[in-house]
> 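What follows is a single structure, and I will ask about it in a moment.
Residue numbers start at 1 and run along the sequence shown.
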Amino acid sequence: MSLINDTCILGECTSKTQERDADNIFGLLRIISLLNSSLPLNSLISLLMRALPEVMLPLQVYGIYAKIDEKVYGCPAEDQYPTLSADIVVHGKNRGYISVFYNKERQNPEQWTLVNEILNVLSGSISNLIEKKDLEKISLETCRRYNNLYYNCPVGLFTDKKGIIVHCNHKLAQILDLSENNIIGLHITAIIDNEKIWNMFSSNKSLPEPIKTESDTYLKKRPIKLRYIYLPEVSPEGELKGGLGIVEDITKIEEAEQVQQQQKKLLVNTFNAINDLILVLDKDLRIITSNWKGFENIPEEDRNKNPYRNEIITYDGTPCESYHLVEAFATGLPKEAFWTNPVDGSIKEMKAYPIFDEDGEVIMVVEYLRDITEIKRSEENLRKANEELGKAYESLKSLDKLKNEFLSNLQHEINTPLTSIKGFSELVHDEELGPLNIEQKKAMHKVVEKTKQLQMILDSLLFVSTATNGGIKYSFERVRISDLIHIALNIVSDKLKCKDLTIELNIAPDVPEIIGDIDYLPRVFVHILDNAIKFTDNKGKITITVKREKESVHLVIKDTGIGIAENDIEKVFQMFFQLDGSSTRNYGGNGLGLFISKIIIEKHNGKIWINSKKGEGTEVHIILPVYTDNSEYMQTKYSDKNKHK
């Protein structure tokens, strides 16, 4: 019973296979009939795209489509299927391609090879079909042209046995710019001035071949060139009975030939002017033609013998590689290869481009050889340079990390004793540890001030180091700019008193709140006020003006100090820039104040700039955005966990 069941199952499989084979054969017959039908080209290809998937389904092909002359046939499959394509080339011109989608997982190598072969056959068949349709179209056009030629042909004229013109058509009249009546009755020699025709009618003996001649003349107010052909008519007895004359205006043909010759000459000159070697090779790798660059010493007679490629391109008995040429002939695809000269180590880039005949067969290959030794050397040098730059970059990163660690440790190591110095100095200065005399009081005051100055310098250096690495985190909130200004004024109050400077504060009553960091914005005002105090003489004046401008707050800090030269204004926001950089400068400072101020203001989405003239004081302008419910910084909350204090 098991054997019978197995046999039945085998019979079913055999039956299904036979049915599938029959369907495939029927589908192939349909395709063959389509290729031989007389339907229009677009219809033929559309029907072909519908019939092919059924035939190729056993090969795990799930979709097929073509793009020919920018028109798409069939439907592309989903993206997960791999694609296999073949170009459709007609008369050496790529007219499109045909593609199939197959199941890579289920398709075995034999199926893939068969699909590839079928695809190449299909592309060739479609190319031939297009070529056939093109030829049919040309044939129809030729028939139409010949019909027009029949009615408009410049046959010209007929003569009798004496050479008198007895008939002419209107095309001849147009060419000669004469009426038909003026032409009829003339002797043929009046139209075709040729000695052979004169002799023929004089002797009444026909020549064994047609008489052909050309002449330049001037008609219709322009120079033209005419071609004449006279065909004598002879009786069976050899008597001259008349003849047929053809007159053709070949002016444009001559001009076209001249243009063609010029273009041919230009192409040849261009071909020979290319500095790299170009070879046109047949299937035996014989040189059909070449620009012979690098082989100018080969005599002309040897070039005309079509030598083998490897007879020419040989170094120290070693022939140049040619496998890419063999592959180009075999596959019909462009190939490239690289070859190193064993003698001098030079490197050549070799590219092979196939040339096809009307049947799509590769008949020649154009090989392009270029010396890329210097390019390769440059690439190698560039690679080494990139490696060195990479190492240098890693080294810089390591140094930067060490710098940050050093500054972090430095902050801790300096802050610890500095805090103690500052604390005890203030205790002594404030006489918490006992009374001081006048001289001691002055000395302790200087100690306290210098301690604050040292703390400010340390904070500035650490801020710059952290900010340049993006480590500063801001905490934005609603603040009144007047409160921030007063914080800054309290910090610099002792310096103001020391130089007996006048502070004028003009804050408009309608100034709204801004979005700012309550720790970092006062630092900006402290740096700017510190500069104003430093560069303003005793009993000078500093004016602070705050007003609203549309959706911003505009703050101006103006002093009556020494001013800034015009060519230095753009430099003052640079790191470590100082107006007096000499070792004996009259003013202190580290050149970081305005640099830090610019960083903080820009992080607040604001602007800062300076107006100044030498000897006329300085104005520092700051623009900060007004607080609104939709303010950018209120929508993005910054954590202040890593804030530097």
Side-chain angles (χ1 to χ4, degrees), residues 460 463-464 467-468 470 472-492 503-533 541-561 563-564 566 568-575 577 592-613 616-640 643-644:
S460 297
F463 177 90
V464 170
T468 52
I472 299 294
K473 303 298 180 181
Y474 297 87
S475 179
F476 295 100
E477 56 186 279
R478 297 170 59 178
V479 294
R480 291 188 300 177
I481 195 168
S482 58
D483 294 342
L484 305 181
I485 292 172
H486 283 102
I487 292 173
L489 287 172
N490 287 333
I491 294 174
V492 299
I503 287 289
E504 182 178 327
L505 193 60
N506 301 319
I507 301 178
D510 62 339
V511 173
E513 292 180 323
I514 62 171
I515 303 299
D517 186 297
I518 198 170
D519 289 333
Y520 285 111
L521 265 184
R523 295 191 187 189
V524 174
F525 306 143
V526 169
H527 285 305
I528 296 172
L529 288 170
D530 189 63
N531 281 341
I533 295 168
K541 182 179 180 181
I542 297 174
T543 304
I544 302 175
T545 304
V546 184
K547 60 183 178 179
R548 177 170 185 164
E549 291 183 358
K550 296 182 180 180
E551 299 302 318
S552 301
V553 171
H554 188 179
L555 180 144
V556 181
I557 299 176
K558 180 180 179 181
D559 63 53
T560 59
I564 304 172
E566 184 177 355
D568 287 333
I569 290 178
E570 292 298 324
K571 303 175 184 177
V572 295
F573 291 105
Q574 297 176 6
M575 189 188 301
F577 177 79
L592 292 176
L594 289 176
F595 175 75
I596 292 172
S597 299
K598 183 177 176 63
I599 292 176
I600 296 174
I601 293 298
E602 289 180 349
K603 287 296 182 180
H604 282 72
N605 203 24
K607 296 179 182 178
I608 181 170
W609 71 93
I610 288 178
N611 292 334
S612 182
K613 287 185 178 180
E616 297 183 11
T618 301
E619 290 182 358
V620 180
H621 294 256
I622 296 175
I623 296 288
L624 291 169
V626 170
Y627 163 77
T628 63
D629 291 336
N630 297 322
S631 293
E632 176 184 355
Y633 294 115
M634 292 304 292
Q635 296 175 15
T636 305
K637 299 295 184 180
Y638 286 85
S639 172
D640 61 351
K643 182 189 294 185
H644 167 69

> Measuring from Leu521:CG to Leu484:CG, what's the distance to the nearest 0.5 Å?
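Output value for this atom pair is 5.5 Å.
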
> Hey, could you give me the CG/CD1 distance between Asp559 and Ile503, rounded to the nearest 0.5 Å?
10.0 Å

> In Å, rounded to the nearest 0.5 Å, how long is the span from CD1 of Ile487 to CZ of Arg523?
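Result: 12.0 Å between the selected atoms.
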
> Can you measure from CD1 (Ile569) to CD1 (Ile610) and round to the nearest 0.5 angstrom?
7.5 Å

> Listing request: all side chain to side chain donor-acceptor pair (under 3.5 Å) pairs with a residue in residues 481-492, at least two apart in sequence or in separate chains.
Arg480-Asp483

> Given Asn611 and His621, is the side chain to side chain contact (heavy atoms under 4.5 Å, CB included) satisfied, shown in steps?
CA-CA 8 Å; Asn611 292 334; His621 294 256; 3.3 Å; yes

> What I'd like to find out is whether the side chain of Ile518 reaches to under 4.5 Å of the side chain of Glu477, using heavy atoms alone.
yes

> Apply the side-chain contact (heavy atoms from CB on, under 4.5 Å) test between Leu624 and each candidate in Leu555, Asn605, Ile601; give the one that qualifies.
Ile601

> Which residues pass the side chain to side chain contact (heavy atoms under 4.5 Å, CB included) test with Glu616, not counting sequence neighbours?
Lys613

> State, to 0.1 Å, how close His604 and Ile515 come at their nearest heavy-atom pair, and which atoms those are.
CD2-O, 3.6 Å

> Within 45° of the six-membered ring axis of Tyr474 and under 6.0 Å from that ring's centre, is NZ or CZ of Lys603 located there?
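No; the conditions do not both hold, so Lys603 does not lie above the ring face of Tyr474.
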
> Run the side chain to side chain contact (heavy atoms under 4.5 Å, CB included) test on Thr543 and Asn506 for me, step by step, so that the C-alpha distance in whole Å, both residues' side-chain angles and the decisive distance to 0.1 Å come before the verdict.
CA-CA 8 Å; Thr543 304; Asn506 301 319; 3.8 Å; yes

> Please report the shortest heavy-atom distance between Ala488 and Pro522, naming the atom on each side.
CB-O, 4.0 Å

> Applying side chain to side chain donor-acceptor pair (under 3.5 Å), name anything that partners Lys541, two or more places apart in sequence or on another chain.
Glu504

> State, to 0.1 Å, how close Val556 and Glu619 come at their nearest heavy-atom pair, and which atoms those are.
CG1-CB, 4.2 Å

> Which pairs would a plain distance check flag for residues 524-533, meaning a side-chain donor or acceptor within less than 3.5 Å of a matching protein atom at least two apart in sequence or in another chain?
residue : atom : partner : partner atom : Å
Asp530  : OD1  : Lys495  : NZ           : 2.5

> Which of these, Thr618, Val572, Asp568, sits in a side-chain contact (heavy atoms from CB on, under 4.5 Å) with Ser612?
Thr618

> Hey, what do you get for CD1 (Ile599) to CD1 (Ile608), rounding to the nearest 0.5 Å?
11.0 Å

> Going from CD1 on Ile485 to CG on Leu505, what distance comes out if it is rounded to the nearest 0.5 angstrom?
6.0 Å

> Looking at residues at least two apart in the chain, or sitting in another chain, which of them share a salt bridge (charged side-chain N to carboxylate O under 4.0 Å, His left out) with Glu570?
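Salt bridge (charged side-chain N to carboxylate O under 4.0 Å, His left out) check on Glu570 returns nothing, list empty.
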
> My understanding is that only residues two or more places apart in sequence, or in another chain, count here; which of them pass side chain to side chain contact (heavy atoms under 4.5 Å, CB included) with Glu549?
Lys547, His554, Ile623

